[in-house]
K.L.:
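Quick one: the structure is below, and I'll ask about it shortly.
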Amino acid sequence: MSPKSLPIVNAYWSGDSIIAVSRTVTGERNLKAYPAEYTCFLKAADVPAAVASKLRAWPRIRSWEADGDWIRLRFHTWRDLKEATSKSQYEHPTYGGYESMFDRLGLTVYEADVYPVRRFLTEYAVEIQKPRRCYLDIEADSRVPFGRKEDARILSWAVVDDTGEWVGDLLSADTDAAETALLKDLWECLDQYDQVCAWNGDRYDFPVLKARTELMGIRVAFAGWLWLDHLELFKSMNMHVSESGDEKQSFALGRIATAVLGGETKDDLDGSKTWDYWVAGGEDRERLFRYNVRDADLLRMIEKETGYIDTQLVLCQVCHTLPDSRGGNGTNFVEGYLLKMGRAEGLRFRTNWDMDSGARFEGAFVMEPTRKGLLHSVHVADFSGMYPSIIQTWNISPETIRDDVVLVEDAATRPAYLRHLPPKTYPLPDDVCQVPGGSCFRRDTPGLIPRAIAELKRLRKYWNAAKAKAVPGTPEWHDADRKSNAYKVAANTFYGVMGAPASRFYDQRTASAVTAAGRWLIRHTIAAAEARGMSGIYGDTDSVFIADVTEGAFRAFVDWCNAELYPKLLADLHCPTNEIRIAYEKEFATIVLVGKKRYAGRFAHYKGTRATADSKPEVKGLEYKRGDSAKLARDLQFEVIQSIMGGDEDPASYEAMAARWRDLVVAGTLTRRDFVLSKTLSRDSTAYAQKKKKNGDDAAQPPHVEVAKILCARGYDTGAGARIEYVVVDGWSSPLKAIPVEDYTDGAEDRYYLWEQLVWPATERVLECAFPAVRWAEKFGKVRPKKATAASTAARRRRPAPEEQGKLF
DNA sequence: ACCTGTGGCCTGCTTC
DNA sequence: GAAGCAGGCCAC
């Protein structure tokens, strides 16, 4: 390999070549072929001479070459490599299972499953260039149901680039010849670009484009472009940023564009009638086209506002991964980073053809709140980058683990049932550090993962400094900001990847050591606070919520933890370094602590900066934050939270508020968006397990799945990831009855169900906890008249008699 | 060419 | 009405 860097925008596997795509100085697309390598590694020391000569003569092996401590084996084809190294070739003589040829020889092969493109990216000094990016949207024949989307003729396309320039075309006639011409124009246009972004592209635009192109007999190297689903990327980066559930209810482009861009809204053309617009011709057809161009342009504006695609690009550049839909995937980019690092250091990693599902391991400590309800002056401290800093501090890495050291408590503290066993190694050996409740790790040689994290943190610091020097909002500032963020994301992902069975770096012992250390740190911190007269009232993973302390005393406590407590504790465990830091993050002037992972609070200060009267409350876990709650539920809950945070602690106010909302929900004027529910299918609508009831009937599936089955029959997209919107029309029967939102007609909703199940409980829990003296459930929980059928109550709602209205409650 | 992790709350369905 | 399970989404 040449040490000279190899700038590329893309690379793909074609035949027996890897095609590296780059751009010449004049902007021409430049393709260069490199031989695809079907490679695996053996540890040289593992291979006896006799076996070596036998292997070298094996016709499937193309070459055999020494590479440091390793032997690099190249096969003729990917299939040869896979067959020789995966466990499916030979039935094991004694225990029935299967084994590979190398298993038979008693040899372990390394990195055999590394995909040829990844091999290329690892072995060559590739540098991912900024791709020429465009935003694509296509409109296809709306008469064809989603399930057969590949059969839909493409009616128009639009491509927009970052400068706002756009190109597009309309189908001239309903013929294959016209569609072929349309598509050829599109591909000619795409040739100027490397990365194609489309909203929901992986589920719609890309497969449709591919299928239509093939059907029309146009030959295109589809892999030559980086296909990026902008929607999926947006979700992965935006979900935890969203304030309220409103932003999570729908990911339709128009809705997201409105949320992100404010006033900018999508054209109000009915996307399910594209064919009608096209066939009508004239102005209607032009309108379809404008709508198409507008959608593509919305992607550009969303990216301009969020910079998510640019952020992903930086992450990919750091991790030597291609910036397409898969590029931002955790296992993928961590693998890209570590394989590269391993190659530079002469380390090769295990083969991971068959990823067996690993056992679950114990995770974080979540403390049951010792006080619930309306509290004041609660201070929160949290560990900065807890898991990465633990990995560094204990030198946690698959190759640094010392499983031979098993520590057993000393005789005095050992539980009685273990006293008959001899302690294995105690005290702690000098060359080892210990994770209490976890494994031991060597302390002499820094591990691969800790070094990777150290490097990523160093770079993050560098870009943070660059950001601080730049003028906020300038391109330099955004660039530094994205780089800093990308390094943080990368560092934080290592823990998850170590715990992921699908990853070749999976090692449950290391992942569970990380969480064990976390549990131990947070417990020690809370105990130390309590020992100093404070009250630990809650904590989750890396945070502690402390009451009965002043701001100054708490700040002093946090400083003491960093200066004295952790250094001492960690030295006792022989940690080679100490990266553990806790920070005083905020004080809640008021907090309603409803339960684990559910609270709402008003800041007194955040990192020392005083909150102002109009500072928004921080809400966690409550229905307000959820995209699958009813809008009315979110609105009422938020009104209550706002009011409590505003200082109104008089229960009577909330009784009035509850009564007002109850009347609105049961008998007021509402629109469907107030009560429509929206849930994602986690799998295809047909793939949910169909249980049988005891009497042999099919059991009902969850409401959104039942609705999805109806939509599926109508030809809608009900695959995994599809969002199902529905309205409950009868919540009294079991199972309840729900209809697709498109079937909704005024008055069909079950208002009693809406109040009793969807809206009130969410707020009741908050009020119950803030004002326990009031009998909330009794006062407001029940609105459905006894023995009323949904039909009769619906009838009454349409023409409510005044005396009946009065008697409802 | 599916694939970062665990803890936790809440809802709906069925059974007891 | 409680218990057990599946499913979804959220906190870290």
Side-chain angles (χ1 to χ4, degrees), chain A residues 12-13 78 113-118 202 223 236 239-240 242 245 248-249 324-326 328-335 352 355 357-368 382-383 386-387 489-490 492-506 508 510-512 514-515 518-519 522 538-543 594-599 618-630 633 677-683 688-689 691-695 697-706 720-721 723-724 728 731 733-736 738 753 757-758 761-762 765:
Chain A
Y12 60 98
W13 183 23
W78 176 246
D113 62 317
V114 170
Y115 198 67
V117 173
R118 169 59 64 208
D202 284 350
S236 70
M239 281 301 258
H240 50 283
S242 309
K248 302 170 191 160
Q249 240 196 336
D324 57 14
S325 282
R326 298 195 64 234
N329 166 276
T331 39
N332 192 38
F333 70 69
V334 167
E335 172 160 280
N352 207 36
M355 38 212 174
S357 50
R360 271 180 84 96
F361 59 92
E362 190 177 347
F365 170 61
V366 184
M367 181 178 161
E368 182 63 43
D382 61 8
F383 291 93
M386 183 188 234
Y387 286 178
V489 170
N492 282 336
T493 308
F494 279 90
Y495 151 73
V497 170
M498 289 198 296
S503 155
R504 80 177 67 253
F505 307 100
Y506 172 61
Q508 217 216 72
T510 56
S512 72
V514 174
T515 56
R519 295 192 296 274
I522 189 175
Y538 176 59
D540 182 350
T541 311
D542 62 353
S543 66
V594 182
K596 286 179 174 180
K597 299 187 186 285
R598 292 168 63 83
Y599 57 86
E618 183 171 68
V619 181
K620 298 288 185 182
L622 299 178
E623 285 71 9
Y624 168 70
K625 291 277 280 187
R626 299 178 63 98
D628 62 346
S629 57
L677 293 176
S678 161
K679 285 189 192 344
T680 307
L681 292 175
S682 62
R683 63 193 81 163
Y688 286 84
K691 282 202 198 165
K692 289 277 183 206
K693 295 207 285 186
K694 276 235 162 175
N695 64 12
D697 293 352
D698 281 351
Q701 289 179 317
H704 72 294
V705 179
E706 294 291 349
R723 195 93 183 162
I724 305 299
V728 175
S733 61
S734 177
L736 60 69
Y753 167 83
Q757 300 300 129
L758 298 181
R765 283 185 290 270

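Each chain gets a letter, A, B and so on, in the order its sequence line appears, and its residues count up from 1.
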K.L.:
Within the pair H704(A) and dG8(C), is there a side-chain N or O less than 4.0 Å away from OP1 or OP2?
P.N.:
yes

K.L.:
dG8(C), OP1 or OP2 - any side-chain N/O from Y688(A) closer than 4.0 Å?
P.N.:
yes

K.L.:
Are the side chain of Q508(A) and the backbone N or O of A359(A) linked by a donor-acceptor pair below 3.5 Å?
P.N.:
yes

K.L.:
Does a nitrogen or oxygen in the side chain of R683(A) sit under 4.0 Å from OP1 or OP2 of dC2(B)?
P.N.:
no

K.L.:
Do the side-chain N or O atoms of T331(A) get closer than 4.0 angstrom to the phosphate oxygens (OP1, OP2) of dT4(B)?
P.N.:
yes

K.L.:
Indicate the atoms forming the closest heavy-atom contact of H704(A) with I724(A), along with that distance.
P.N.:
O-CG2, 3.6 Å

K.L.:
Does N329(A) make a side-chain N or O approach to OP1 or OP2 of dT4(B) shorter than 4.0 Å?
P.N.:
yes

K.L.:
Atom pairs under 3.5 Å, N or O on each side, protein against nucleotides 6-8 of chain B: can you list them with distances?
P.N.:
unit_1, atom_1, unit_2, atom_2, d
dT6(B), O3', F361(A), O, 3.3
dT6(B), O3', G363(A), N, 2.8
dG7(B), OP1, G363(A), N, 3.0
dG8(B), OP1, K596(A), NZ, 2.7

K.L.:
Where is the tightest heavy-atom contact between W78(A) and P116(A), given as atom of each residue plus distance?
P.N.:
CZ3-CD, 3.6 Å

K.L.:
Is there a side-chain contact between T680(A) and the phosphate of dC9(C), meaning an N or O under 4.0 Å from OP1 or OP2?
P.N.:
yes

K.L.:
Examine dC13(B): is either OP1 or OP2 under 4.0 Å from a nitrogen or oxygen in the side chain of Q701(A)? Give yes or no.
P.N.:
no

K.L.:
Any Lys/Arg nitrogen of K625(A) or E618(A) sitting under 4.0 Å from an Asp/Glu carboxylate oxygen of the other?
P.N.:
no

K.L.:
Starting at atom CZ of F505(A), determine the distance to atom C1' of dG5(B), rounded to an integer number of angstrom.
P.N.:
17 Å

K.L.:
For A700(A), which contact category applies under a 4.0 Å heavy-atom criterion: base, sugar-phosphate, or nothing?
P.N.:
sugar-phosphate

K.L.:
Between dT4(B) and dC12(C), how far is it from one P atom to the other, in whole Å?
P.N.:
22 Å

K.L.:
For M498(A), report the nucleic acid contact type (base, sugar-phosphate, nothing); a contact means any heavy atom under 4.0 Å.
P.N.:
nothing

K.L.:
Strictly below 4.0 Å: does K248(A) bring a side-chain N or O up to OP1 or OP2 of dG8(C)?
P.N.:
no

K.L.:
Do Y538(A) side-chain atoms and K597(A) backbone N/O form a donor-acceptor pair below 3.5 Å?
P.N.:
yes

K.L.:
What integer distance in Å separates D113(A):CG from dC2(B):P?
P.N.:
13 Å

K.L.:
Ignoring backbone atoms, test whether K694(A) places a side-chain nitrogen or oxygen under 4.0 Å from the OP1 or OP2 oxygen of dC16(B).
P.N.:
yes

K.L.:
Give G627(A) one of three labels, base, sugar-phosphate or nothing, depending on what nucleic acid heavy atoms sit under 4.0 Å from its own.
P.N.:
sugar-phosphate

K.L.:
Ignoring backbone atoms, test whether R723(A) places a side-chain nitrogen or oxygen under 4.0 Å from the OP1 or OP2 oxygen of dG8(C).
P.N.:
no

K.L.:
Counting side-chain heavy atoms from C-beta on, which of dT14(B), dC12(C), dC9(C) comes nearest to S734(A)?
P.N.:
dT14(B)

K.L.:
Do any side-chain nitrogens or oxygens of K620(A) fall under 4.0 Å of OP1 or OP2 in dC12(C)?
P.N.:
yes

K.L.:
Between P761(A) and N695(A), name the one whose nearest nucleotide on DNA chain B is closer to the 5' end.
P.N.:
P761(A)

K.L.:
List the steps and the verdict of salt bridge (Lys or Arg N to Asp or Glu O under 4.0 Å) for D698(A) and K693(A).
P.N.:
CA-CA 6 Å; D698(A) 281 351; K693(A) 295 207 285 186; over 6 Å; no

K.L.:
Checking contacts here: which listed nucleotide (dC9(B), dC13(B), dC12(C)) is nearest the side-chain heavy atoms of E368(A)?
P.N.:
dC9(B)

K.L.:
Over all heavy atoms of both residues, which pair between S678(A) and R723(A) is shortest? Give the atoms and the distance, please.
P.N.:
OG-NE, 2.6 Å

K.L.:
Considering just the side-chain nitrogens and oxygens of R765(A), establish if one lies under 4.0 Å of OP1 or OP2 belonging to dT11(B).
P.N.:
yes

K.L.:
Let me know the distance between NZ of K693(A) and P of dT14(B), rounded to the nearest Å.
P.N.:
5 Å

K.L.:
Rounded to the nearest angstrom, tell me the gap between atom NZ in K679(A) and atom P in dC9(C).
P.N.:
7 Å

K.L.:
For a quick test of reading the model: is some side-chain N or O of Y599(A) closer than 4.0 Å to OP1 or OP2 of dC12(C)?
P.N.:
yes

K.L.:
If you write DNA chain B from 5' to 3' in dot-bracket form, with Watson-Crick or G-U pairs under 3.5 Å, [ ] for crossing pairs and | for pairs with another strand, what do you get?
P.N.:
....||||||||||||

K.L.:
For the side chain of Y688(A) and the backbone of S682(A), is there at least one donor-acceptor N/O pair under 3.5 Å apart?
P.N.:
yes

K.L.:
By the 4.0 Å heavy-atom rule, please label F333(A) as base, sugar-phosphate, or nothing.
P.N.:
nothing

K.L.:
Under the 3.5 angstrom rule, does the side chain of D113(A) hit a backbone N or O of N352(A) as a donor-acceptor pair?
P.N.:
yes

K.L.:
Contact class for A502(A) (heavy atom, under 4.0 Å): base, sugar-phosphate, or nothing?
P.N.:
base

